[in-house]
Amino acid sequence: MRHCINCCIQLLSNDLHKQCLRCRGPNHNNQKCSVRKQENKIPLCVDKQMNLLAVLEVRTDHNESWNGFFCLRKGKLCSLIFGLIIMTLVMASYILTGARHGLLLIPLPFHYGDFTSNPNLMDNESLSDMKHHYQPSEINISYVKDYPSMKLIIDAITSKIEFITRKSPVLEDLKKQELHMFSVIPNKFLPNSKNPCWYEEYRGNTTTDPYTTNSYALYSKRFRTIFDYLRKVFWNHLYHYQDKHYRLRCLPHFYIIGQPKCGTTDLYDRLRLHPDVRFSAIKEPHWWTRKRFGIIRLRDGFHDRYPVEDYLDLFDLAAHQIQGVLQNDVTKGHNKLNHIIIGEASASTMWDNNAWVFFYDNSTDGEPPFLIQDFIHAFQPHAKLIIMLRDPVERLYSDYLYFASVNKSAEDFHEKVAESLQLFENCMLDYSLRACVYNNTLNNAMPVRLQVGLYVVYLLDWLTVFDKDQILVLRLEDHASNVKYTMHMVFQFLDLGPISEKQEALITKSPASNTRRPEDRNLGPMLPTTKAILRDFYRPFNTKLAQVLFDDAFLWKKT
């Protein structure tokens, strides 16, 4: 049986192999084939996912014959095999580099486009699934690793840096974006509580499960025990008045908002030992940054949104204790200020605005029109914020060691830094600094999270809505060298009352939390060249940070 390869290959791109069956019948005349008569070239068309390959044309040989496999002529068979090898190599590069990087030769997109409301397409940690939603711009990744070449890239980035003050949105625009949230959280709170608390009418009965639809209880197996306990005691903590039932709702008095791998877990573990401090049932709810958009884990894509009621449920344990004190004061005829304060510690709150591009319109030059702090300030203009920072060079390496799963090494880290810097430079050629920092596509394309260490960019945006005296900025290096001093700074900042020496010793002398794993320590430090490159990259941002905070320690010159 003879087959016309010319017909089949030319029909592949348009008819998806359906018409190719015409070429496979026993009556097919290879010499009379109309397609074959047009030209003696075989255009090898590649699937749409492989559209980075140009059309491969291979000349056929009409003179030589080969009675080998499938009776194909030698020239045709060689051409076909060669084309298949090319496609196999390209497909292999796609698989090996992973969805986050995309094809090695594909131009990475940094232009914003319309979001397609298909939840199966969203993957906030996987860039390649969303690439077709953006208009691509040209980029040439050469993977240059030597210091002089990388210094040129850093100099190009530095020349584009501008710290431009952001204009905050008006309250009415915020309400349009989050109608439900503004309908649940009131404008005024109880005057005798340091936390923003209020009473909300509960319309259920003793047989109603108040947590049956709570997304945290459904998706977080580790915390189902807590919700089981809350179910048992829920009815006992309701406030009964005029045949109606009310539950106390509270938001946090303070937030530990960042940054990751900067000691926030250790600060959280120590602070929760203070007798007047309560935290959410889950250490890092990530509600403001992820859960309210329907993101459980960034790599899993979109799920149903977590309503604000699910977030408020996390503070029920603290609300029960606050309510007990309030009712006790009423019974005794007191009207004192309740000193229990509630905290929340999601290290993503300061920087992670990756979801904005999928939900907020009216972007200006790629910059988000709304940020997390806009909404927090709308409800809690007097909230207190704690930020823990670390030398951004060391933070990035620690971040890499913690999140990288395979093939971790100082050399691999160096290559990832080089690639990330080139991607950041490409974005800075067309967009503002803020647009690149909050660029979801860029952030997910970079192999290491360079943007998290640009502390001053985030801090300046938080300072556009919150006063400076509402934000406490600490350094991990100071905390590690003198825990007692930094904890006293935190106690003073939060207006916490005095504690006994025994309680203070328990808080300050406990071992550090969330230290580097032994297997990661065995990998050793980063390469000196990598450190020099990163020092140059972060220097202008550290300089600005030190100016904003009036503290040269944030230059990190001694580390």
Please give me the minimum heavy-atom distance between [X] and [Y], naming the atom from each residue.
X	Y	value
Y360	P369	CB-CG, 3.8 Å
L174	P169	CD2-CG, 3.9 Å
T212	L218	O-CD2, 4.0 Å
S420	P447	OG-CD, 2.9 Å
I372	T349	CD1-O, 3.5 Å
L442	C436	CD2-O, 3.5 Å

Answer yes or no: is there an ion pair linking [X] with [Y], defined by an N-O contact shorter than 4.0 Å?
X	Y	answer
D310	K291	no
D266	R270	yes
R249	E309	no
K194	D276	no
K416	D412	yes
D399	R395	yes

Should [X] and [Y] count as side-chain neighbours, where that means a heavy-atom distance under 4.5 Å?
X	Y	result
V490	L474	yes
K408	Y400	yes
M487	H479	yes
R247	Q323	no
F182	L171	yes
D461	R434	yes
E200	V184	yes
T441	V357	no

- Is there a side-chain contact (heavy atoms from CB on, under 4.5 Å) between I322 and R278 once you walk through the steps? CA-CA 10 Å; I322 293 173; R278 305 291 184 272; over 6 Å; no
Is it the case that more than 12 heavy atoms not belonging to [X] sit under 6.0 Å from its [atom1] atom?
X	atom1	value
K468	NZ	yes
Q492	CD	no
N187	CG	no
H180	NE2	yes
N236	CG	yes
D304	CG	no

Working to the nearest 0.5 Å, report the span between [atom1] of [X] and [atom2] of [Y].
X	Y	atom1	atom2	value
I387	I256	CD1	CD1	11.5 Å
E284	E344	CD	CD	8.5 Å
H488	T486	NE2	OG1	9.5 Å
L545	L555	CG	CG	8.5 Å
K283	R272	NZ	CZ	10.0 Å
I471	I386	CD1	CD1	11.5 Å

- Worked verdict on F413 versus L396 for side-chain contact (heavy atoms from CB on, under 4.5 Å): CA-CA 10 Å; F413 177 67; L396 187 65; 4.0 Å; yes
Ring-plane angle category for [X] and [Y], please: parallel below 30°, perpendicular beyond 60°, tilted otherwise.
X	Y	result
Y241	Y246	tilted
W288	Y255	perpendicular
F189	W198	tilted

Give a yes or no answer on whether the side chain of [X] reaches the backbone of [Y] with a donor-acceptor pair at less than 3.5 Å.
X	Y	value
Y306	I295	no
S398	E394	no
N482	D478	no
N443	V437	yes
T208	P210	no
D352	T289	no
N195	I340	yes
W462	Q373	no
R166	T464	no
S346	S348	no

Do [X] and [Y] meet the cation-pi criteria used here (NZ or CZ under 6.0 Å from the six-membered ring centre, within 45° of the axis)?
X	Y	value
K261	Y402	yes
R449	F403	yes
R292	F375	yes

Are [X] and [Y], when compared by the centres of their aromatic rings, separated by less than 6.0 Å?
X	Y	result
F358	W356	no
F279	F254	yes
Y216	Y311	no

- Task: Apply the test salt bridge (charged side-chain N to carboxylate O under 4.0 Å, His left out) to residues K384 and D495: give CA-CA distance (whole Å), side-chain angles for both, the deciding distance (0.1 Å), then the verdict.
- Result: CA-CA 11 Å; K384 295 197 172 185; D495 297 322; 3.1 Å; yes
- Between D391 and Y538, a side-chain donor and acceptor under 3.5 Å: no
- Between N439 and C427, does a side-chain contact (heavy atoms from CB on, under 4.5 Å) hold up when you go through it step by step? CA-CA 9 Å; N439 189 321; C427 183; 3.9 Å; yes
- Taking F293 as the fixed residue, which of F359, F370, W287 is the one that meets the ring-ring contact (aromatic ring centres under 6.0 Å, His included) rule? F359
- Item | Residue of the set F234, W235, Y202, Y239 for which ring-ring contact (aromatic ring centres under 6.0 Å, His included) holds with H245 | W235
- Message: Show, in sequence, the C-alpha distance, side-chain angles and deciding distance for L371 and V465, and conclude whether the side-chain contact (heavy atoms from CB on, under 4.5 Å) test is met.
- Response: CA-CA 10 Å; L371 295 177; V465 291; over 6 Å; no
